[in-house]
Amino acid sequence: LGKLNHCMKGKKAKTGAIAIEFKAETDGVALLTPVSYSSFSYTVKCTQCGAERENISFDDSEKELQGSRGTANFVMSCKDCKRQCNINYTGNNFNHEAEDYTDWQRVITLECRGCSIENASCNEWNIRSESDNKYEWNAADDFFEYDEDLGRPVTVSELEYQIVNA
């Protein structure tokens, strides 16, 4: 198996309504799904001044927006220009079974205001084999287990992500 490829496709960062998609080479996998929203890590860029923050993770709980009655799942004041930005999860396709994980799979949709997402990755996955055995995977390396019930390996490799307009 090749080295895990956390490659980001897409020409430029996305703002507004966006989606995170993934694809991977799989064998013996019936379901490949993130554990939760907080399994994702993002690089967030201020659209005002361009300052970036890496390794941002957040769950789907709501936080108050400063000076507003609204809420968001992620709220940040830019460390450079002090402008507030926010991100809301607007949907997910967790637990969606795919016939072919080599095709792009939309996994999360988000709304970004005052910032863009430059990079995204997921570090915690749940895998269900074709024989219904369950595995957890931290995505640091390729996944390889032998499924006795299936009589062959269960594998995930070449994991890639892309950010697209939703």
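None of these values were measured; they are calculated from a predicted model.
- In terms of heavy atoms, Ile163 sits closest to Ala120 at CD1-N, 4.4 Å.
- Here CG of Asn55 is found 9.5 Å from CG of Asn119. Values are rounded to the nearest 0.5 Å.
- Distance check, rounded to the nearest 0.5 Å: CG of Leu31 to CG of Asn126 gives 8.0 Å.
- Shown here for Cys122 and Ala139, the closest heavy-atom pair between the two residues is O-CB, 3.6 Å.
- Between Gln84 and Leu65, some side-chain heavy-atom pair lies under the 4.5 Å cut-off.
- Tracing side-chain contacts under 4.5 Å through hydrophobic residues (I, L, V, M, F, W, Y), one reaches Val44 starting from Val107; they form part of the same cluster.
- Glu25 places none of its side-chain heavy atoms less than 4.5 Å from the side chain of Asp142.
- Using modelled atom types, one side-chain atom of Gln105 and one backbone atom of Asp100 make a donor-acceptor pair closer than 3.5 Å.
- Between the side chains of Thr43 and Glu118, no donor N or O sits under 3.5 Å from an acceptor N or O.
- Formation of a donor-acceptor pair under 3.5 Å by the Asn92 side chain with backbone atoms of Ile108 is not found in this model.
- Heavy atoms only, all atoms of each residue included: Lys23 and Thr102 are closest at CD-O, 3.4 Å.
- Side-chain atoms of Tyr89 never come within 3.5 Å of backbone atoms of Ala72 as a donor-acceptor pair (strictly under, hydrogens ignored).
- Between Thr47 and Arg83, the closest side-chain pair of non-hydrogen atoms falls below 4.5 Å.
- Around CZ of Arg113, the count of heavy atoms belonging to other residues, nucleotides or ligands within 6.0 Å does not exceed 12.
- Side-chain contact between Asn73 and Asp59 is absent, with no heavy-atom pair separated by less than 4.5 Å.
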Val164 vs Arg106, side-chain contact (heavy atoms from CB on, under 4.5 Å): CA-CA, chis, key distance, verdict: CA-CA 9 Å; Val164 297; Arg106 183 165 290 189; 3.5 Å; yes
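- Using a 4.5 Å heavy-atom cutoff, the side chains of Glu97 and Arg128 are in contact.
- Taking 4.5 Å as the limit, some side-chain heavy atom of Ile87 sits within range of a side-chain heavy atom of Cys115.
- The shortest distance between side-chain heavy atoms of Asp80 and Cys46 does not fall below 4.5 Å.
- Side-chain contact annotation: Thr109 with Thr90, donor-acceptor N/O pair under 3.5 Å present.
- For the atom pair NZ of Lys134 and CG of Asp132, the computed distance is 6.0 Å after rounding to the nearest 0.5 Å.
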Derivation of the side-chain contact (heavy atoms from CB on, under 4.5 Å) call for Asp27 and Arg152: CA-CA 9 Å; Asp27 186 29; Arg152 63 186 172 108; 2.6 Å; yes
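- Separation of atoms CG (Asn88) and CZ (Phe74) is listed at 11.5 Å; rounding is to 0.5 Å.
- With hydrogens and angles ignored, the 3.5 Å screen pairs no side-chain donor or acceptor of Asp147 with any backbone N or O of Pro153.
- Of the possible donor and acceptor atoms, one in the side chain of Thr33 sits under 3.5 Å from a partner among the backbone N and O of Asn95.
- A heavy-atom distance below 4.5 Å is found between the side chains of Leu110 and Tyr42.
- The nearest pair of heavy atoms linking Trp104 to Glu21 is CB-OE1, 3.6 Å.
- Exactly one residue among Tyr101, Phe143, Trp125 makes a side-chain contact (heavy atoms from CB on, under 4.5 Å) with Val156. That residue is Phe143.
- The aromatic ring centroids of Tyr37 and Phe94 lie less than 6.0 Å from each other.
- Hydrophobic clustering (ILVMFWY, side-chain heavy atoms < 4.5 Å, transitive): Val35 and Ile20 are in distinct clusters.
- In this structure, CD1 in Ile127 is found 8.5 Å from CD in Glu145, a value given to the nearest 0.5 Å.
- Rounded to the nearest 0.5 angstrom, Ser39 OG and Asn138 CG are separated by 11.0 Å.
- In terms of modelled atom types and a separation under 3.5 Å, the side chain of Tyr135 and the main chain of Ser129 share no donor-acceptor contact.
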